[in-house]
Amino acid sequence: LSGQTLDLRETLRFNFSRSLVDQPFSEKRFVLDATLAWDTANDRPGITIDANEKFRVVYVDNTTVEMYGFIFTGGVAESNVNGQQSNGGGIYNHYGWLTIGDSVIAGNRASKAGGGIYNSGGEYETQGQHDGWLYLVNTSIVGNVVTEENAIGGGLYNESGGVATL
């Protein structure tokens with residue numbers, strides 16, 4: 001699989017399900033591990049997930065996701081693109097617990113904040129929501145941009161209430 005590109009037809013979405021509330025932790029999380037497809041010749045992740053500048057690459061909504069060994073690229077979050085919010089071109093973590101490891105987040109854009117990653121947090125534990133936890137392990141964020149005047153966080157934007165560990 002090394003050297004393969006997954007061309008997305010729509011945003012890769014991970015959503016919370018109320019049916020998982022009473023399940024063990026291992027049943028409540030999504031784990032995608034592509035480290036076995038590592039491109040050893042170029043010492044980089046071997047699988048690219050590309051949104052081809054049509055929409056954001058990954059959206060996590062109030063659930064636990066772990067992704068290892070990917071290149072996330074070609075994501076766009078602009079209000080004039082399919083009516084999406086204008087934050088988090090590559091990855092938007094909306095009150096989730098997200099771990100990205102051994103990966104590269106590059107070549108994404110957002111009009112307002114978080115060209116590469118937007119981490120949205122808040123105090124919603126009483127409503128069954130997470131707080132917006134982002135863990136980046138051995139991951140590079142390069143060549144991502146925000147495009148509007150006064151925009152913030154070309155690579156990463158961590159909203160108030162979110163927790164980011166780099």
Side-chain angles (χ1 to χ4, degrees), residues 1-17 19-20 23-77 81-82 84-85 87-110 113-121 130-146 153-159 162-166:
L1 288 173
S2 183
Q4 298 297 308
T5 298
L6 304 174
D7 290 315
L8 299 179
R9 293 184 184 182
E10 60 184 72
T11 299
L12 186 57
R13 300 179 67 88
F14 299 92
N15 296 311
F16 175 77
S17 170
S19 66
L20 296 176
Q23 299 297 315
F25 176 74
S26 62
E27 300 297 322
K28 294 182 190 181
R29 64 188 185 131
F30 300 93
V31 179
L32 285 79
D33 189 346
T35 55
L36 290 176
W38 193 264
D39 180 353
T40 54
N42 296 302
D43 194 28
R44 66 179 191 177
I47 296 183
T48 299
I49 303 176
D50 193 342
N52 294 298
E53 299 190 17
K54 295 178 184 168
F55 37 77
R56 112 178 4 103
V57 182
V58 174
Y59 181 79
V60 176
D61 185 16
N62 192 30
T63 194
T64 302
V65 177
E66 298 176 30
M67 299 181 80
Y68 303 97
F70 293 98
I71 297 172
F72 302 91
T73 192
V76 176
V81 177
N82 298 328
Q84 290 187 11
Q85 293 179 343
N87 298 324
I91 299 169
Y92 191 117
N93 183 31
H94 182 252
Y95 302 106
W97 291 27
L98 175 61
T99 300
I100 303 287
D102 300 316
S103 295
V104 176
I105 301 160
N108 301 288
R109 76 175 185 270
I117 303 174
Y118 186 88
N119 187 46
S120 175
H130 297 298
D131 279 340
W133 292 81
L134 173 66
Y135 299 97
L136 298 176
V137 181
N138 194 32
T139 294
S140 298
I141 304 173
V142 296
N144 301 283
V145 297
V146 288
L156 166 67
Y157 182 76
N158 188 53
E159 182 181 291
V163 176
T165 303
L166 314 175

Measuring from atom OG1 of Thr64 to atom CH2 of Trp97, what distance do you get when rounded to the nearest 0.5 angstrom? 6.5 Å
Mind listing the closest non-hydrogen atom pair of Gly69 and Ser103 along with its distance? N-OG, 3.3 Å
Let me confirm one number: the CG-CG distance from Asp102 to Asn138, rounded to the nearest 0.5 Å. 4.5 Å
Yes or no on side chain to side chain contact (heavy atoms under 4.5 Å, CB included) for Thr73 and Ile49, after CA distance, side-chain angles and deciding distance? CA-CA 6 Å; Thr73 192; Ile49 303 176; over 6 Å; no
Looking only at atom types and distance, does a side-chain atom of Asn42 sit under 3.5 Å from a main-chain N or O of Arg44, one as donor and one as acceptor? no
Are Gln4 and Asp39 close enough that some pair of their side-chain heavy atoms sits under 4.5 Å apart? no
Is there a side-chain contact between Leu8 and Phe55, using heavy atoms and a 4.5 Å cut-off? yes
Do Val163 and Tyr135 make a side-chain contact, defined as non-hydrogen atoms from C-beta onward lying under 4.5 Å apart? no
Should Asn144 and Ile105 be marked as a side chain to side chain contact (heavy atoms under 4.5 Å, CB included) after you check the CA-CA gap, both sets of side-chain angles, and the distance that decides it? CA-CA 8 Å; Asn144 301 283; Ile105 301 160; 4.2 Å; yes
Under the side-chain hydrogen bond (donor to acceptor under 3.5 Å, both in side chains) rule, collect the residues that match up with Ser140, sequence neighbours excluded. none
Could Lys54 and Glu10 be called an ion pair, given the rule that one side-chain N must be under 4.0 Å from one carboxylate O? no
Do you know the tightest heavy-atom contact between Ala110 and Ala113? CB-O, 3.5 Å
Under 3.5 Å donor-acceptor, Asn119 side chain and Gly162 backbone: no
Tyr59 vs Tyr92 aromatic rings, parallel, tilted or perpendicular, using cut-offs 30° and 60°? tilted
Could you tell me whether the side chain of Val57 reaches within less than 4.5 Å of the side chain of Asn108, counting heavy atoms only? yes
Atom pair CZ (Phe30) and CE (Met67), whose distance is rounded to the nearest 0.5 Å: 11.0 Å
Would you check, one step at a time, whether the test side chain to side chain contact (heavy atoms under 4.5 Å, CB included) holds for Ile100 with Tyr68? CA-CA 6 Å; Ile100 303 287; Tyr68 303 97; over 6 Å; no
I'd like to know if the side chain of Asn93 pairs up with that of Trp133 as donor and acceptor (distance under 3.5 Å, no hydrogens or angles considered). no
Rounded to the nearest 0.5 Å, how far does CD1 of Ile117 lie from OG1 of Thr139? 7.5 Å
Does Asp50 have any salt bridge (Lys or Arg N to Asp or Glu O under 4.0 Å) partners at least two apart in sequence or in another chain, and if so, which? none
Heavy-atom distance under 4.5 Å between the side chains of Thr99 and Leu134, does that happen here? no
Would Val104 and Phe70 count as a side chain to side chain contact (heavy atoms under 4.5 Å, CB included) here? Give the steps. CA-CA 6 Å; Val104 176; Phe70 293 98; over 6 Å; no
With Leu6 as reference, evaluate Ile71, Thr48, Ile47 under the side chain to side chain contact (heavy atoms under 4.5 Å, CB included) test and give the passing residue. Ile47
Working to the nearest 0.5 angstrom, can you tell me the gap between Ile91 CD1 and Arg56 CZ? 10.5 Å
So, Tyr157 and Glu159: side-chain donor and acceptor under 3.5 Å apart, yes or no? no
At their closest point, which heavy atom of Ala77 faces which heavy atom of Gln85, and how far apart are they? CB-O, 3.4 Å
